[in-house]
Every structure is written in C-alpha cells, then in structure tokens.
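Working notes, beginning with the structure itself.
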Amino acid sequence: MKIRLWLFTLLASLLFTIAAPASAQVLYENGAINGTVDAWTINFGYIVSDTFTISGGTSTVTGMSFGAWIFPGDTLQSAEVSFTSEEFGGHTYFDQVVAFTASNCSTNQYAYDVCVETANFTVPGLTNGTYWMNLENAVTAEGNPVFWDENNGVGCHSEGCPSEPSENSVGTILSEAFTILGTTSGTGSTVPEPGSLL
C-alpha cells in the first residue's frame, strides 16, 4: 500500500511538473547595447517603433528589455509598451504602461547613464510573423527625457534582425537595442527544469 501511494505521489508530481511552463527564454534579440553612438527619445510625444519576428511557433511574451540612456542619477519608472501589426498602429496585440527595473548601468562619454531596463508583462498567443514594438510616454523620477539606445542591430542573431525601425517625427532610423522574452509552445515547455523536478 505504501509503495502504491508513493508511486502515485511521484507520478502526480511528475505530471504537474511536465505541465508547468518553462522559464522565459529569448524570443527575439536585436543585438547588444552600443551606448556610444546615438539614442532616440521615447517621451514628450516621441514614439520609437521597431519590428521583431516570432519564428518558433505560437508564443507568449513575458517581458522585454531595452537599452536606455537616462540623465545621471535619474531612474526610469515606466513607459507605454505596445505590440502592433504596423508601425505606430494597425491591429493592437498589447498596449500598457509597464514598470521597468534598471540593471548593468554605466556612464557613456556624453555623461548619460546607459542601463538595461527590464519589464515583465504578458502577451499570449503571438503566432509566427513580424510585429512592431512601440515605446513611448516614458516617465522618470525627475521628469527628464529618456532615450532608446541605437545599435543598428549589430550582433543580433534572431530571425528578422536587424529590426526595421521608425520614429514618429522623422520616419526611418537605425535600429535599437532590445530583447523580447517569453515561452514558445512545443519548444521546451514540456521539459521540467532540474530544480523543479525535485
């Protein structure tokens, strides 16, 4: 009886673990932060839009990170993030103001703090294809401008990179540093992580 109960418990634990979602993975990356060339304003009415491609199957986006230039000592609190079918519009898959957390900050030659800014949010059901990510309405603790780092997609490895970027007041620009995080159905979502198996 004890063996059957133990086997049932083990089997139930394994099935639960297999059904649990995998940790977030990189769905798309557009290269590392440059931090030394240029950056584009994402507040005070300016919007920057970059394409990204989903190519591994139906995916759930769980967050994103991007390279930001911020005035020294200031901090990015939030920004409006939207995923659309066209630059600055079309069909909207997601549109929310999200909170950001800074990491890996350094100071560039222009005296800006250049940071990796990361946000967590959920956008389910994006199928294979190309989408636009738009950043706008950024808010800092001190009310200063926020800039999205331009890297021209150098070092990107994802399908569809470098992104096709645009800025709402000038049109086509060079692409920016960002990463889209999430999970893809059929790609690792049924394999338990070693720590969760225990």
Side-chain angles (χ1 to χ4, degrees), residues 23-52 61-84 86-89 92-123 131-158 161-182:
S23 63
Q25 61 196 30
V26 172
L27 298 177
Y28 179 89
E29 58 84 21
N30 202 55
I33 294 172
N34 181 301
T36 62
V37 177
D38 203 356
W40 294 88
T41 309
I42 57 170
N43 52 356
F44 304 117
Y46 295 103
I47 308 168
V48 178
S49 187
D50 276 75
T51 59
F52 69 95
V61 172
T62 58
M64 57 88 63
S65 63
F66 76 102
W69 293 24
I70 302 170
F71 276 65
D74 204 354
T75 55
L76 175 63
Q77 296 179 325
S78 65
E80 184 177 350
V81 177
S82 61
F83 293 167
T84 56
E86 299 172 27
E87 60 186 331
F88 315 119
T92 301
Y93 304 95
F94 176 83
D95 187 353
Q96 286 187 11
V97 173
V98 298
F100 283 88
T101 303
S103 63
N104 301 322
C105 297
S106 62
T107 303
N108 68 9
Q109 75 271 28
Y110 305 113
Y112 286 101
D113 290 339
V114 179
C115 302
V116 175
E117 296 285 351
T118 304
N120 298 308
F121 51 85
T122 302
V123 185
Y131 302 88
W132 291 85
M133 179 176 72
N134 311 284
L135 289 181
E136 62 185 305
N137 296 322
V139 175
T140 73
E142 297 177 4
N144 291 310
V146 179
F147 310 93
W148 190 356
D149 178 64
E150 178 184 287
N151 71 348
N152 201 24
V154 172
C156 69
H157 298 97
S158 294
C161 75
S163 69
E164 296 176 20
S166 186
E167 197 266 356
N168 66 321
S169 69
V170 299
T172 302
I173 58 175
L174 297 176
S175 66
E176 285 63 53
F178 70 100
T179 301
I180 305 291
L181 304 170

Note to self: Minimum heavy-atom separation for G67 and I33, please, with both atom names.
What the structure shows: CA-CD1, 3.4 Å
Next item on the list: Check each of Y28, F66, W40 against F178 using the ring pair (Phe, Tyr, Trp, His ring centres under 6.0 Å) test, and report the only one that passes.
Entry: Y28
Checklist line | Atom CZ of F83: over 12 foreign heavy atoms under 6.0 Å | finding: yes
Next item on the list: Please confirm whether the backbone N or O of E142 pairs with a side-chain atom of D74, one donor and one acceptor, at under 3.5 Å?
Entry: yes
Next item on the list: Without swapping roles, check the side chain of S158 against the backbone of E29 for a donor-acceptor pair under 3.5 Å.
Entry: yes
Checklist line | Nearest atoms (heavy-atom pairs only) where S175 meets N30 | finding: OG-ND2, 3.3 Å
Next item on the list: Over all heavy atoms of both residues, which pair between W148 and V48 is shortest? Give the atoms and the distance, please.
Entry: CE3-CG1, 3.4 Å
Next item on the list: State the OH-CD1 distance between Y131 and I180, to the nearest 0.5 angstrom.
Entry: 12.0 Å
Item checked: Check: D113 side chain, G73 main-chain N or O, donor-acceptor pair, under 3.5 Å -> yes
Next item on the list: Could you tell me the separation between the CD atom of E164 and the CD1 atom of I173, rounded to the nearest 0.5 Å?
Entry: 12.5 Å
Checklist line | Heavy-atom pair with the smallest gap, counting every atom of A99 and A119 | finding: O-CB, 3.3 Å
Next item on the list: Please test E80 against V97 for side-chain contact (heavy atoms from CB on, under 4.5 Å), starting from the C-alpha separation and ending with a verdict.
Entry: CA-CA 4 Å; E80 184 177 350; V97 173; 4.2 Å; yes
Notebook entry, point to check: Closest heavy-atom contact between A32 and A177?
Noted result: O-CB, 3.8 Å
Checklist line | Reported CG-to-OG distance for the pair N43 and S78, which is rounded to 0.5 angstrom | finding: 10.0 Å
Margin query: Show, in sequence, the C-alpha distance, side-chain angles and deciding distance for F71 and Y112, and conclude whether the side-chain contact (heavy atoms from CB on, under 4.5 Å) test is met.
Written below: CA-CA 5 Å; F71 276 65; Y112 286 101; 3.8 Å; yes
Margin query: Out of the candidates N152, D38, V37, N34, only one should pair with L174 under the side-chain contact (heavy atoms from CB on, under 4.5 Å) rule; please name it.
Written below: N152
Item checked: Nearest atoms (heavy-atom pairs only) where E167 meets F88 -> C-CZ, 3.6 Å
Check: How long is the gap from CG on D149 to CD on E117, to the nearest 0.5 Å?
Finding: 12.0 Å
Check: Counting only N and O atoms by type, is there a donor-acceptor contact under 3.5 Å from the side chain of T84 to the main-chain atoms of G89?
Finding: yes
Margin query: Below 30° counts as parallel, above 60° as perpendicular, anything between as tilted: where do the rings of F94 and F121 land?
Written below: parallel
Notebook entry, point to check: Stepwise, does the side-chain contact (heavy atoms from CB on, under 4.5 Å) test hold for V26 with L181?
Noted result: CA-CA 5 Å; V26 172; L181 304 170; 4.0 Å; yes
Notebook entry, point to check: Hey, are N108 and T36 close enough side-chain-wise for a donor-acceptor pair under 3.5 Å?
Noted result: no
Margin query: Distance check, rounded to the nearest 0.5 Å: F100 atom CZ versus S65 atom OG?
Written below: 9.0 Å
Check: Say you draw a straight line from CG of N144 to OG1 of T41; how long is it, rounded to the nearest 0.5 Å?
Finding: 11.5 Å
